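Let me begin by presenting the structure, written as structure tokens, before commenting on it.
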Amino acid sequence: MPATELTISLQSAANVLKLGGLVALPTETVYGLGANALDARAVARIFAAKERPFFDPLIVHLADVSWWPRVVLDFPPVAELLAKHFWPGPLTLVLPKVAAIPDIVTSGMPSVAIRVPDHDLTREILRRADVPVAAPSANPFGRLSPTTAEHVRQQLGDRVDLILDGGPCRVGVESTILELHGDEVVCLRPGGVPLEAIESLIGPVGRITPRDSDEQRPAAPGMLASHYAPRTKLMIVEDLPAAPPTSRTGLLILQPSDRTRGYAQVEVLSRDGDLIEAASNFFQALHRLDQAGLDTILATPFPETGLGRALNDRLKRAAH
Ligand code: TXA
Ligand code: MG
């Protein structure tokens with residue numbers, strides 16, 4: 001896109017946000033469905049467009065760490081340290097909110113989830129709109145996350161005022177979410193920043209796993225066992241069977257394998273088994289499998305290190 005046209009799109013997106021509209025925004029993790037976080041009516045439109053239950057709170061996006069006083073009461077030293085290392089980037093911090101953040105954003109909780117996304121276009125829109133922007137992933141509730149503008153168009157097209165196409169998402173899985181209580185840090189969702197990187201900076205962090213949650217009573221808001229799910233039935237298998245169970249079975253694997261004969265479609269996430277590359281391909285591969293008219297998708301688990309944790313988390317919930 002020529003520079004002037006891009007500037008016009010960025011300004012339009014900022015204007016739509018200021019006027020209470022919905023804009024699908026690219027981030028480094030997944031596309032977000034954004035609205036002015038200080039405008040409860042605008043945020044209500046996000047829940048309507050996604051058919052998202054009100055008990056699932058939203059992440060608020062900031063142009064810069066300097067915006068924290070607009071959204072949270074305090075930014076403790078551990079938050080400073082984490083922000084210095086990982087912002088802009090795929091890390092979300094949950095901290096006590098200011099009164100200006102409406103309850104609909106936080107599902108009535110006294111704390112709000114915030115992050116600075118690592119995407120130049122979206123940060124420019126945030127600066128131009130000059131408001132914090134609440135944005136969940138831009139997909140219908142519970143379905144596969146969108147990592148291209150086309151995914152958003154297919155899943156939510158007519159429910160969004162504007163979609164800004166910033167290309168495919170670089171990281172490809174959602175942000176890591178940390179809840180901060182003074183010095184105590186708990187990981188609510190593994191994501192784009194590996195836990196190893198966080199722990200090497202601030203020491204051990206507590207964990208909540210989806211196993212602690214159930215459909216009725218999630219251990220943390222939004223920690224539902226079923227989420228990020230394709231329409232096609234997905235099963236996790238430790239080892240690939242000698243032959244696919246049906247003639248319409250698809251396969252999602254980390255690396256090339258010699259046991260893929262007979263599958264209707266095979267998605268290999270990384271030639272060399274690189275987990276960062278795999279994460280960037282993960283949702284796109286699942287979208288392709290889900291659109292291939294299969295009756296089953298088999299997937300093998302990832303090594304439980306680095307981004308493998310976030311991938312296993314998404315896989316388990318897609319299989320639930
Ligand atoms: O990478 C990402 O995080 C993407 C992009 C768009 O930034 N966003 C995203 O949003 O994944 P979403 O709505 O799919 O996930 C939001 C989750 C909630 O389900 C909940 O688990 C957690 O963030 N969350 C939000 N606010 C919270 C709060 N106040 N306390 C605890 N958890 C919160
Ligand atoms: Mg989501």
Side-chain angles (χ1 to χ4, degrees), residues 22-35 37 43 46-47 49-62 71-73 86-98 101-119 122-123 126 132-147 151-152 155-156 164 166 169-181 185-193 208-210 212-213 218-229 279 282-283 307 310 313-314 317-318:
L22 296 185
V23 180
L25 296 163
T27 83
E28 79 283 30
T29 59
V30 300
Y31 274 73
L33 183 61
V43 174
I46 296 179
F47 285 88
K50 283 185 59 102
E51 299 179 31
R52 180 179 176 113
F54 286 108
F55 61 73
D56 195 5
L58 307 179
I59 296 174
V60 174
H61 297 71
L62 315 177
V71 287
V72 295
L73 291 173
F86 299 117
W87 281 358
L91 180 68
T92 294
L93 303 178
V94 177
L95 286 160
K97 76 177 187 76
V98 296
I101 300 288
D103 284 337
I104 187 171
V105 172
T106 65
S107 306
M109 288 184 301
S111 52
V112 62
I114 59 173
R115 81 179 191 100
V116 178
D118 188 11
H119 200 292
T122 288
R123 286 177 73 204
L126 288 165
V133 167
S137 49
N139 53 324
F141 181 69
R143 307 242 69 104
L144 291 176
S145 299
T147 54
H151 293 157
V152 182
Q155 294 187 301
L156 287 180
L164 193 89
C169 301
R170 177 174 59 78
V171 175
V173 288
E174 293 85 346
S175 59
T176 303
I177 304 178
L178 299 180
E179 191 167 32
L180 309 185
H181 304 272
V185 180
V186 178
C187 178
L188 301 183
R189 176 176 77 181
V193 174
I208 289 181
T209 65
D212 301 333
S213 300
M223 291 285 284
L224 296 175
S226 169
H227 214 112
Y228 314 104
F282 179 75
F283 279 117
L307 291 194
D313 170 79
R314 305 306 185 269
R317 295 200 236 180

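For clarity, every value in this text was computed on a predicted model and none was experimentally measured. Note: hydrogens, waters and symmetry copies are ignored here, and every other heavy atom, side chains too, is used. Counting starts at 1 for both ligands and their atoms, following the listed order.
If you take NE2 on His119 and CG on Leu126, they are separated by 11.5 Å, rounding to the nearest 0.5 Å. Between Tyr228 atom OH and Ser137 atom OG the span is 6.5 Å, to the nearest 0.5 Å.
Across Ala135 and His61, no two heavy atoms sit closer than the pair O-CE1, 3.1 Å. Listed here is the closest heavy atom pair of Arg170 and Asp118: NH2-OD2, 2.9 Å. Closest approach of Val133 and Gly34 over heavy atoms only: CG1-CA, 3.7 Å. Looking at every heavy atom in both residues, Gly172 comes nearest to Thr147 through O-CG2, 3.8 Å. Minimum heavy-atom separation, Leu62 to Pro117: O-CD, 3.4 Å. Shown here for Ala24 and Val152, the closest heavy-atom pair between the two residues is CB-CG1, 3.7 Å.
Residue-level proximity to ligand 1 for Ala135 is carried by the backbone, the only part with a heavy atom below 4.0 angstrom.
In terms of polar-atom proximity, defined here as any N/O pair under 3.5 Å, Thr92 makes no such contact with ligand 1. The shortest N or O to N or O distance between Thr106 and ligand 1 is not under 3.5 Å.
At least one N/O/S atom of Ser137, from backbone or side chain, sits under 2.8 Å from the Mg ion (ligand 2).
Under a 4.0 angstrom heavy-atom cut-off, Pro117 registers as lying outside contact with ligand 1. Remark: distances from the non-hydrogen atoms of Met109 to ligand 1 include one below 4.0 Å. Ligand 1 has Ser111 within reach: a non-hydrogen atom of the residue lies less than 4.0 Å from it. Contact between Arg52 and ligand 1 is present, with at least one heavy atom of the residue lying under 4.0 Å from the ligand.
In summary, the atoms of ligand 1 found under 4.0 Å from a heavy atom of His61, numbered by their order in the structure, are 5 (C), 6 (C), 7 (O). For ligand 1, the atoms closer than 4.0 angstrom to any heavy atom of Leu58 are 25 (C), 26 (N). Distances below 4.0 Å separate heavy atoms of Pro136 from the following atoms of ligand 1: 10 (O), 12 (P), 13 (O). Distances below 4.0 Å separate heavy atoms of Gly32 from the following atoms of ligand 1: 6 (C). Contact atoms of ligand 1 toward Leu188: 31 (C), 32 (N) (distance under 4.0 Å to a heavy atom of the residue). Residue-ligand proximity, Ile177 to ligand 1, at heavy-atom distances under 4.0 Å covers atoms 17 (C), 22 (C), 23 (O). Taking every heavy atom of Thr29 and a limit of under 4.0 angstrom, the matching atoms of ligand 1 come to 1 (O), 2 (C), 4 (C), 5 (C).
Comparing heavy-atom distances from atom 15 (O) of ligand 1 across His119, Glu174, Arg189 singles out Arg189 as nearest.
Looking at Pro146, Ser145, Cys169 one by one, the single match for side-chain contact (heavy atoms from CB on, under 4.5 Å) with His151 turns out to be Pro146.
For Arg115 and Glu174, the salt-bridge test fails: no basic side-chain N is under 4.0 Å from an acidic carboxylate O.
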